[in-house]
Structures are given as C-alpha cells and as structure tokens.
Asks: 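Let me give you the structure first, and then I'll get to my questions.
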Amino acid sequence: MDPRTEERVTRASRALLAGRTGIVVAHRLSTIRRADAVAVLSDGRLVQHGAREQLAAEPGRYADLLAADRSLPGTAGATATAPAGAARHGGAVADPGSPLLHRAARRAVPTPDPVPAPPLWRVVLRLALAHPRWGLTGGAMFTLATLGSATGVLTGWLWGLVVAGLEGGRTPWGPAVALTVVLMLFPVWIAVAFRTYPRWWSAATLRLRLGVLRGQTMQRRGPRSPAGEVVARALDSDRMILYVDRWVDVTNSVIVVVVAGLVAADVRAAAVIGGFLLVCAGVAAIGAPFAGRSGRIAADARARFGTALGSVLESVRTVKLAAATGALRAHLADVDGDRVRATVREYRVRTLLDGVPGVLLQGAVVLTWSLYLVGTWPLATALLVSTTLNGAGFLGQVCAAAVTEAPIARRWLRAVAPFAGPADLTRLPPGVDLVTGAAPAPAPVEREPLQRLSLEKVAAVHDDGTVGVEGVDLDIDAGSLVLVTGQVGSGKSSLLAGLAGLVGHEGVIRWNGRAVSDPQTFLRPGQVAYVGQVPRVLSGTFGDNIALGHDRPVQDAVGDARLDRDVAAAGGPDAVVGHRGIRLSGGQVQRVAMARALATGAELIVADDVSSALDVRTEIELWAALRRRGSTVVGASTKRAALARADRVVVLDRGRVADEGPWDELAARWSHLAG
C-alpha cells in the first residue's frame with residue numbers, strides 16, 4: 001500500500017482495536033511508528049523488545065533500520081498527504097483528497113472469436129484409433145468374445161447345427177467339437193481383451209486430460225477460468241472416453257448382424273437382429289434431449305463444486321482465522337448437494353432409457369419363435385437368432401447410449417475447447433510418452449537481446465473492457481531500473497500486466513524499435529520474466545522452485561535475490577519449503593520468485609511490488625544486487641528504498657502518467673506516495 005492508503009487502513013484498524021490488544025507484523029517503519037511497543041526478530045529469535053522510543057535511542061537492529069531509512073531520499077518531511085501545491089506532470093495540481101480508486105473507464109473490446117469445438121465424429125475416430133496395439137487388439141478380442149460367448153452368434157449357429165443333426169437322427173460330431181472349441185476359447189479372448197483394452201482406456205483418458213491442461217500452459221492468454229473448474233472439466237473426460245467405447249460396441253453390433261446373416265444364410269435373421277438394435281437407437285433418440293439436458297446440468301454442477309472447493313482450499317488459512325469454517329462447510333454442502341441431486345437425476349434418466357432395450361428384447365425373442373412356428377425358418381435359425389438376441393441385449397443398450405450420450409459428449413467438447421485452446425485434444429505433443437511419463441525438454445528459446453523497450457500511448461485493457469492505464473509513453477534502456485509508483489488503484493499492476501502480455505493493450509510496444517504485435521507470445525520466457533504481487537510457490541525444495549525443472553544454475557540467482565542466508569539456514573537448495581511454501585515468510589516467498597525470474601536469464605524482468613514484505617535493509621541489498629547484476633527491470637513499488645535506487649520513477653495517478661524522473665527530483669512533490 002502507498003502511505004496514504006496505509007494511513008487510512010491504520011486509522012480504521014486502531015478504531016477496531018480500541019480496548020483490544022493487537023499484534024501486527026509490519027515491514028514499513030511508518031507503520032511501526034504508531035506502535036506502543038516493538039519486538040524485533042532476527043533469524044527466528046527475538047533480539048529486541050521494548051517501547052519504540054527506547055529502542056530507537058539505543059544501539060541495535062531497530063536503530064540500524066531507522067538509520068538505513070533516514071539515508072533514503074525523500075525521508076525528511078514525508079507525510080501521508082501531498083504537500084499543498086504539489087505540481088503534477090503537465091502543470092496540474094495533485095488533489096490531496098482524491099479517492100483511492102479512480103473511476104475505471106471502460107472501452108469496447110473486440111470479442112475474441114470463440115474457440116470452436118472439434119467435430120464429435122472426428123474426436124471419436126481419432127481416439128478409437130489411438131494406441132492401436134491396445135485399442136484395436138482389445139476391441140477385436142471383445143468382438144470375438146461377443147461372437148463366441150454362450151449367447152453369441154457363432155455358438156447360436158453351432159447349437160442350431162447340433163440340434164438339427166440330432167433332429168435328423170445323426171450324431172453331429174463336427175458341430176459339437178466346433179462348439180466346444182469356441183466355448184473353450186472364450187476365456188482366452190476375454191482375458192486378452194481385459195489385459196489390453198483398459199490400457200487403451202487409460203492412455204486415451206490421459207491424452208484428453210493432457211490436452212485440457214496443456215492448453216493452460218501454452219503461450220497464449222486464455223480465458224480467466226477458476227482452476228477448480230478446469231480440473232473438474234478435465235476429470236470429466238471419462239465421459240468422452242465412455243462415449244468412444246460406446247461406438248466400439250456399436251461396431252461390434254454391426255459385425256454381429258453381418259455374421260448372423262452370413263452363417264444363417266438368411267437375410268431375415270440379420271434383419272430381425274439389426275431391426276432390434278435400430279429400434280433401440282430410435283427410442284433412445286426420443287429420450288436424447290432429456291439425457292443431454294440432465295447430463296449438462298450434472299456436468300455444470302460438478303464444475304461449480306470444483307470451483308468452490310478450489311477456492312476454499314486456496315483460502316483455508318483465512319477461513320480458519322476468521323472462524324468461518326462452519327459457514328463455509330454449509331456453503332460447500334449446499335453446492336455439493338446440487339451436484340449430487342443433478343448426478344442422481346442424470347442417472348435416473350439414463351437408467352430409464354437403458355431399460356427400454358430390455359423390454360424390446362422380449363418382444364424380439366417372441367417374434368423369433370413366432371416366425372419359427374409359422375414355418376418362416378427352421379429350428380436352427382430360430383436358435384441362432386434367439387441366442388444372439390439374448391446376447392444382444394447389452395448391444396441394444398449400447399446402441400441406445402450412443403444416441404443419448406451424444407449431447408453430453410458434444411457439450412463436454414464445447415466446454416473444454418476454451419481451456420485447450422488451439423491444441424488438438426486427441427494428439428500428443430511430439431516426444432510425449434504417456435506410458436513411461438517421458439516428455440522432451442523444452443526447445444531452446446531464441447532470444448533477441450534487449451537494447452531499448454519503448455511504449456507509445458500504451459493502454460492496458462482488461463478482458464471486460466476496463467481500462468487500467470492509458471496514454472503511457474516510456475523509453476527503457478537495457479540495464480536500467482524503472483519503477484512505477486502511485487496510490488492504490490492508480491494502474492501500476494495493469495501497466496505491468498499489459499507489458500507482460502497478461503492483459504490486452506492498445507498503443508505500441510517496441511522491442512529494439514520493432515513493434516510487438518502479440519506480447520503474450522513474443523514476451524515469452526527467455527525474453528521476459530514476470531514476478532507477480534502474490535507469487536506462487538510449489539511444494540518442493542528451494543532448488544525446485546527456482547529452476548522449475550530446467551538445467552539452470554541457481555546459486556547466483558539466489559545470491560542476487562538476497563536469499564542466500566535463508567537457503568543456507570534452511571539446509572541448502574535441497575531444503576523443502578513445505579506444502580506450497582507454508583514454511584516460508586512473505587518476504588522469502590517474494591525473494592524465491594525473484595530468484596526464479598533471475599535464473600531464467602531473461603532480457604527483461606517485470607516485477608510487481610516484489611519488496612512489499614521486506615525490511616528496509618534487505619530491500620536495499622536486493623535493489624543494489626540487481627543494479628550490480630545489470631538486469632533490466634520494470635517494476636512497481638511504493639517503498640522509498642526501491643524508488644531511491646531506480647534510474648527513473650514513473651508516477652501514475654488515475655490511470656495516467658502524472659510525473660517521471662529520478663526519485664531525488666520527485667521526492668519533494670511525491671514523498672506522500674512512498675513509505
């Protein structure tokens with residue numbers, strides 16, 4: 001926070017703490033000046049404790065921090081409000097009573113073309129043919145098992161030959177032996193199918209989930225979707241695989257119909273079996289809208305629950321400290337109740353539709369034996385057809401499901417298309433092996449060394465049309481440190497996000513004089529490293545978080561980020577930081593993120609308020625190390641220790657540049673912005 005905002009927050013906090021005891025963790029000395037007592041920590045130990053005035057007067061860590069703070073330009077006379085008559089950029093006068101948040105302008109932004117969902121038939125075909133060693137082999141074995149089971153076409157035909165031979169007074173050794181062999185081979189076929197087909201199922205599921213999650217890591221600015229929703233949609237890929245499996249069984253049904261007609265040498269046998277399957281599909285088509293609607297509602301309910309659960313897990317600390325666990329459990333129970341009710345409703349609809357083929361099957365069997373009784377076909381054919389129909393009851397359900405589940409599968413493809421982006425859900429990236437979990441290392445990035453970065457009338461426009469900052473003209477030479485400052489809501493983060501390609505921009509951004517038309521792909525890792533206000537830490541070691549799986553030297557980056565003492569105290573780069581960095585302080589998290597950015601060797605580092613949780617001395621060391629390193633840094637800060645070491649400071653007010661220059665020239669007019 002800038003000092004003015006901090007002053008207002010502090011006044012509100014003092015009112016809330018009236019009559020209570022408050023313990024505050026503070027890094028700004030302007031906050032500490034309001035404390036009744038101060039406790040100074042160093043290396044996990046309490047090194048000083050007492051009244052603020054007493055500690056300031058005696059040698060020690062607190063007095064050292066005060067001395068470091070007084071050495072900064074703009075310290076003397078720094079107040080929480082702008083001096084009367086303070087000049088703005090362009091001759092305007094700063095308004096001490098201006099609101100913290102300027103009224104955000106909105107601009108009509110072109111709606112990006114929606115990512116089209118691939119045709120359903122294409123996805124089904126590609127997935128069915130993926131991993132043929134498992135998919136085609138398993139499918140073929142299931143087909144043989146269907147034909148040669150106790151209720152299969154081949155066994156029905158052979159039973160018919162045996163019965164016909166016995167009826168004619170003969171001993172049908174040939175058909176009897178063949179029937180025995182077919183029945184004995186059934187366990188072999190089904191065993192091979194159960195060994196190979198699940199592998200295809202697993203690999204195809206991973207393929208789809210990889211496509212969804214890969215779209216989140218590609219160099220493009222996708223929709224701002226909650227992580228919980230993305231995960232829930234990715235896990236719903238089981239529905240797509242199930243739908244592909246339905247069509248594998250439909251193919252088996254067609255084979256059954258053809259084989260029945262051939263072995264019976266009677267097209268009427270194939271017509272009865274095929275007619276039964278078609279009637280099942282036709283009845284299912286009537287119920288498809290109901291199944292599709294119930295499936296859509298259930299999928300959306302699962303996505304909402306995933307979103308809610310992800311939000312809760314991200315803020316679990318805050319929830320506990322606010323004693324809001326009960327209310328949150330009630331909210332999750334309500335959302336989960338919607339999910340359960342929608343899922344139950346979906347399965348009821350599907351169960352009802354799946355029961356229709358069973359009713360139709362009874363009618364088909366009655367029809368078969370009626371045709372035998374009226375002399376339409378012989379006993380052998382009647383046995384073949386009735387046996388096949390009894391085995392085809394499941395195939396009738398499959399044919400019906402292929403119709404009723406089509407809207408659900410199509411809906412899933414439309415839902416994940418924005419997440420996956422241009423990536424083909426069904427195709428693996430080159431070199432990726434889902435079986436062994438192997439993937440190629442990222443290709444070397446071709447870098448264009450930065451000499452000068454220029455901004456011409458740049459505006460940062462968010463996805464909803466909100467203009468965060470506009471009309472920015474700025475030249476940044478290689479190796480320079482340029483910091484943006486201003487009150488809360490002045491547009492600092494929006495400007496940096498636009499520069500890093502995280503939000504859309506208007507105007508021109510030039511890299512060495514060449515206009516960058518698409519920052520989100522040009523300003524990629526290697527060119528630009530972005531450090532956000534709230535960095536993400538992975539559950540792993542210091543080294544894991546800094547190198548991110550790349551073969552990068554991290555020692556120099558750790559030192560320049562002023563993290564070396566912390567890493568050494570923890571046990572070295574292989575020391576574990578805890579689940580998502582739970583063992584780290586806020587300042588350590590910020591320095592881990594800075595070390596991660598420095599380790600990339602990026603031409604430009606965009607750092608959004610990365611020293612807000614640092615004490616004065618550590619902050620001075622950090623910026624001095626960056627200057628020695630020669631890194632080109634564009635950042636945001638409202639702390640004097642940072643601004644004093646910048647080559648240039650840009651002051652933003654209400655989304656526009658109000659002033660710029662070295663801090664020692666700006667401090668007299670804008671010291672109220674720095675604390």
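Along the sequence shown, residues carry numbers from 1. All values reported here derive from a predicted model rather than from experimental measurement.
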Asks: Start with the C-alpha gap between S480 and D477, add the side-chain angles, then the distance that decides, and say whether side-chain hydrogen bond (donor to acceptor under 3.5 Å, both in side chains) holds.
Replies: CA-CA 6 Å; S480 61; D477 292 323; 6.0 Å; no
Asks: Do you know the tightest heavy-atom contact between P535 and Q533?
Replies: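 P535 and Q533 have their closest heavy atoms at CD-O, 3.3 Å.
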Asks: Mark yes or no for whether T541, through its side chain, and D544, through its backbone, hold a donor-acceptor pair below 3.5 Å.
Replies: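 A pair under 3.5 Å: yes.
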Asks: Check R645 against W623 and note the closest heavy-atom contact, atom names and distance.
Replies: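 That would be CD-CB, 3.9 Å.
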Asks: Is the count of non-hydrogen atoms from other residues, nucleotides or ligands lying under 6.0 Å from I23 atom CD1 greater than 12?
Replies: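 At most 12 heavy atoms, drawn from other residues, nucleotides or ligands, come within 6.0 Å of this atom.
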Asks: With a 4.5 Å heavy-atom cut-off, do L604 and Q527 have their side chains touching?
Replies: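 With C-beta onward as the side chain, the pair stays apart.
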Asks: Say you draw a straight line from CG of L499 to OH of Y530; how long is it, rounded to the nearest 0.5 Å?
Replies: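 Between atom CG of L499 and atom OH of Y530 there are 10.0 Å.
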Asks: Checking the side chain of R629 only, and the main-chain atoms of L598 only, is there a donor and an acceptor separated by less than 3.5 Å?
Replies: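 Yes, R629 side chain to L598 backbone: donor-acceptor pair under 3.5 Å.
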Asks: Distance check, rounded to the nearest 0.5 Å: D566 atom CG versus Q588 atom CD?
Replies: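 Rounded to the nearest 0.5 Å, the CG-CD separation comes out at 4.5 Å.
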Asks: So, does R591 use its side chain to make a donor-acceptor pair with the main chain of G587 at under 3.5 Å?
Replies: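 Looks like yes, one N/O pair under 3.5 Å.
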Asks: Quick check for you: to the nearest 0.5 Å, what is the distance between Q590 atom CD and L622 atom CG?
Replies: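 Nearest 0.5 Å value for the CD-CG distance: 9.5 Å.
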Asks: Tell me whether R452 at atom CZ has more than 12 heavy atoms from other residues, nucleotides or ligands lying less than 6.0 Å away.
Replies: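 Enclosed.
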Asks: Classify the side-chain pair D475/S454 by whether it contains a donor and acceptor separated by less than 3.5 Å.
Replies: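 There is such a pair (donor and acceptor under 3.5 Å, judged by atom type) between the side chains of D475 and S454.
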Asks: Do D236 and R302 come within less than 4.5 Å of each other through their side chains, counting heavy atoms only?
Replies: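 Yes; the side chains approach each other to less than 4.5 Å.
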Asks: Salt bridge between D609 and K492, side-chain N to carboxylate O under 4.0 Å?
Replies: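 Looking at K492 together with D609, the answer is no, because their closest N to O distance does not fall below 4.0 Å.
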Asks: Could you walk me through whether S490 and D653 pass side-chain hydrogen bond (donor to acceptor under 3.5 Å, both in side chains), step by step?
Replies: CA-CA 5 Å; S490 60; D653 183 42; over 6 Å; no
Asks: L643 and V649: which non-hydrogen atoms are nearest, and at how many Å?
Replies: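 Heavy atoms of L643 and V649 come nearest at O-CG2, 3.8 Å.
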Asks: Answer yes or no: is there a donor N or O on one side and an acceptor on the other, between the side chain of E603 and the main chain of L450, under 3.5 Å?
Replies: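 Checked: pair present.
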Asks: If the condition is side-chain contact (heavy atoms from CB on, under 4.5 Å), which residues does R656 pass it with, not counting sequence neighbours?
Replies: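 For R656, the residues satisfying side-chain contact (heavy atoms from CB on, under 4.5 Å) (neighbours in sequence not counted) are E470.
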Asks: Where do S494 and A460 come nearest, in terms of heavy atoms and distance?
Replies: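 Of all heavy-atom pairs spanning S494 and A460, the closest is O-CB, 3.2 Å.
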Asks: Ignoring hydrogens and angles, tell me if any N or O in the side chain of R565 forms a donor-acceptor pair with the backbone of R562 under 3.5 Å.
Replies: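 No; zero donor-acceptor contacts below 3.5 Å.
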Asks: Can you see which heavy atom on L46 is nearest to which on L41, and at what distance?
Replies: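 For L46 and L41, the tightest heavy-atom pair comes out as CA-CD2, 3.7 Å.
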Asks: Does R648 reach the side chain of L474, with side-chain heavy atoms less than 4.5 Å apart?
Replies: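 Result yes, sub-4.5 Å side-chain heavy-atom pair found.
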Asks: Counting distance only, does the side-chain N/O of T600 pair as donor-acceptor with the main-chain N or O of A602 below 3.5 Å?
Replies: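 Yes, T600 side chain to A602 backbone: donor-acceptor pair under 3.5 Å.
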Asks: For the pair T632 (side chain) and A478 (backbone), establish whether a donor and an acceptor sit closer than 3.5 Å, ignoring hydrogens and angles.
Replies: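 Side chain of T632 to backbone of A478, a donor-acceptor pair under 3.5 Å: no, none is there.
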Asks: To the nearest 0.5 Å, what is the distance between CG on L666 and CD on E660?
Replies: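 Going from the CG atom of L666 to the CD atom of E660 covers 8.5 Å.
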Asks: So, does N545 use its side chain to make a donor-acceptor pair with the main chain of L538 at under 3.5 Å?
Replies: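 Looks like yes, one N/O pair under 3.5 Å.
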Asks: What pair of heavy atoms forms the shortest contact from V567 to P573, and how long is it?
Replies: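 Of all heavy-atom pairs spanning V567 and P573, the closest is CG1-N, 3.5 Å.
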Asks: OG1 of T205 to CG of L210: how many Å apart, nearest 0.5 Å?
Replies: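 Those atoms lie 12.5 Å apart.
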Asks: Taking NZ, NE, NH1 and NH2 as the nitrogens, is one of them in E448 or R514 under 4.0 Å from a carboxylate oxygen of the other?
Replies: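 Salt bridge flag = yes for R514 with E448.
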Asks: Could you tell me whether D647 and R627 make a salt bridge, using a distance below 4.0 angstrom between a side-chain N and a carboxylate O?
Replies: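 Answer for the salt bridge query: yes.
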Asks: Any non-hydrogen side-chain atom of L652 less than 4.5 Å from a side-chain atom of T485?
Replies: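 Heavy-atom side-chain distance check fails, nothing below 4.5 Å.
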